Amino acid sequence: MIANLAPNVRQYILVTFNYWNFTITDGALRMLVVLYFHDLGYSTLEIASLFLFYEFFGVVTNLVGGFLGARLGLNKTMNLGLLMQIIALAMLAVPTAWLTIPFVMLAQALSGIAKDLNKMSAKSSIKSLVPDQQQGVLYKWVAILTGSKNALKGIGFFIGGLLLSLVGFKYAVVLMASILALVLLGSLYGLESDLGKAKNKPKFHEMLSKSRSINILSAARMFLFGARDVWFVVALPVYLGSVFGWDHLWVGGFLASWVIAYGVVQGIAPKLTGRVQGGAPDGSSALFWAGLLAVITAGIAYGVQIGWQPELVIILGLLMFGAVFAVNSSLHSYLIVNYARGDGVSLDVGFYYMANAMGRLMGTVLSGWVFQIAGLAACLWVSFAFILLTTLISIQLPSRRHQAA
């Protein structure tokens, strides 16, 4: 049945299948590392340090990966990401005595590089598979890929905890590495060799985007994701456990469910925004939804600060924040693919996701530091400031780009 589909649809299905499998292992590995090393007696600071290189190398990988994708082809960078994730998983299938902090940080660094190579390749390849005049189709395909990724990452959290309980850490990582090896074989066979390869070989200095719209969108993306992670990554889980008294199962389950719901909203974002725009959105859509998110975040921050029903405010506020944030993220994911040039698309997408990784790194560091010195309300006010910056930056985005076919 798949053989009867159009070639571009078959390539999209294969890219999405690769991305889905990688994403599940990525979410599962994060949960495995957190839970297993907590059981080994590692402190929360030591566990957090295990992910430092994971986030840092995302900044570098997106920039260099976009350059490699344009020169070598996105099939090669996607397959390289799968291979590196297999190696990272295999590195962790060693005796417990070998799992020192530097060794695990190295494995996590490889996993971080692999994740961003895979993501950049998947997002960039869609530009090559959809004709320029079909912007409505492009928006839907990007939204499906982005939304499903986050939903599956939440499922990966559950799978990681389940595998740790059923087969233990070592066999869990071996099982995931084996599954990805099969996915890699299928990808080597099925992906087109020239997918996303630039006709004119880009120079190294071209890695830094020269497009004004892409630079503006990248700056908005950096502060948007910094705003999420400054309270979600470290501050919120610690607050739920220490203030509300939730145990690890409740905290992990609630956050995993939030990520899944967040991904579902991303997937249906075209239905939420397309009604207003008549198909494909533009910069004015990003401005509106960023402004709405800023209002919601300010309300949550104020409610937490005055101590008014904090549990209700945080739970309902997080649901509202997640839904509107998901639409913002989906809009940005479409706009970067829309703004990117057709030849050498991965250069522009890689630059954009470098800014995304920079925002995550910035938010992760601030989340621990601000929460330690000033608490959750301060983290939320920093989040509001970042979203306000995103809104102000979004004013400069082009209000009309392409209309849906």
Side-chain angles (χ1 to χ4, degrees), residues 1-30 57-58 61-62 64-93 107 109-130 138 141-142 144-153 155-156 159 172-198 263 333 337 344-347 349-350 353:
M1 187 173 183
I2 293 180
N4 297 328
L5 297 174
N8 65 327
V9 177
R10 289 201 304 270
Q11 289 293 298
Y12 175 74
I13 291 173
L14 183 55
V15 166
T16 303
F17 179 75
N18 287 356
Y19 195 39
W20 281 358
N21 278 276
F22 189 100
T23 298
I24 290 175
T25 65
D26 184 55
L29 179 58
R30 176 169 287 250
F57 279 101
T61 303
N62 280 295
V64 179
F67 171 75
L68 293 176
R71 288 188 68 90
L72 305 177
L74 295 171
N75 66 311
K76 291 184 176 64
T77 50
M78 173 165 275
N79 292 334
L80 179 60
L82 287 169
L83 177 61
M84 293 185 72
Q85 181 76 336
I86 293 169
I87 294 172
L89 289 166
M91 286 178 64
L92 296 173
L110 284 177
S111 180
I113 295 170
K115 183 261 295 184
D116 284 295
L117 279 176
N118 196 268
K119 179 174 70 175
M120 179 277 300
S121 303
K123 295 289 181 70
S124 300
S125 64
I126 297 179
K127 177 75 171 184
S128 307
L129 299 175
V130 180
L138 179 64
W141 281 23
V142 170
I144 291 171
L145 186 70
T146 304
S148 62
K149 183 266 290 187
N150 286 294
L152 289 171
K153 188 168 186 177
I155 293 173
I159 291 176
V173 294
V174 169
L175 177 61
M176 291 192 296
S178 301
I179 292 173
L180 282 187
L182 295 176
V183 174
L184 176 59
L185 290 176
S187 182
L188 289 169
Y189 174 77
L191 278 182
E192 294 177 354
S193 60
D194 60 347
L195 183 65
K197 185 185 291 187
S333 295
V337 179
V345 56
S346 63
L347 281 173
V349 175
Y353 277 110

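From a predicted model like this one, the values you see are computed outputs, not experimental measurements.
For the pair N118 and Q85, the minimum side-chain heavy-atom distance is 4.5 Å or more. You'll find the side chain of M78 stays beyond 4.5 Å of the side chain of L117, heavy atoms only.
Distance check, rounded to the nearest 0.5 Å: CG of D26 to CG of L152 gives 11.5 Å. Note: K115 NZ to F57 CZ = 13.5 Å, rounded to the nearest 0.5 Å. Rounding to the nearest 0.5 Å gives a distance of 12.0 Å between CG of N21 and CE of M176. L29 CG to F22 CZ: the interatomic distance, rounded to the nearest 0.5 Å, is 9.0 Å.
Of all the heavy atoms in A88 and A107, the pair that sits closest is CB-O, 3.5 Å. Summarising the geometry of G81 relative to A114, their closest heavy-atom pair is O-CB, 3.1 Å, with the distance given to 0.1 Å.
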task = Apply side-chain contact (heavy atoms from CB on, under 4.5 Å) to M91 and L110, showing your working.
result = CA-CA 10 Å; M91 286 178 64; L110 284 177; 3.4 Å; yes
In a table with atom names and distances, give each donor-acceptor pair under 3.5 Å that connects a side chain of residues 178-190 to protein atoms at least two apart or in another chain.
residue : atom : partner : partner atom : Å
S178    : OG   : V174    : O            : 2.9
S187    : OG   : N18     : ND2          : 3.0
S187    : OG   : N79     : OD1          : 2.4

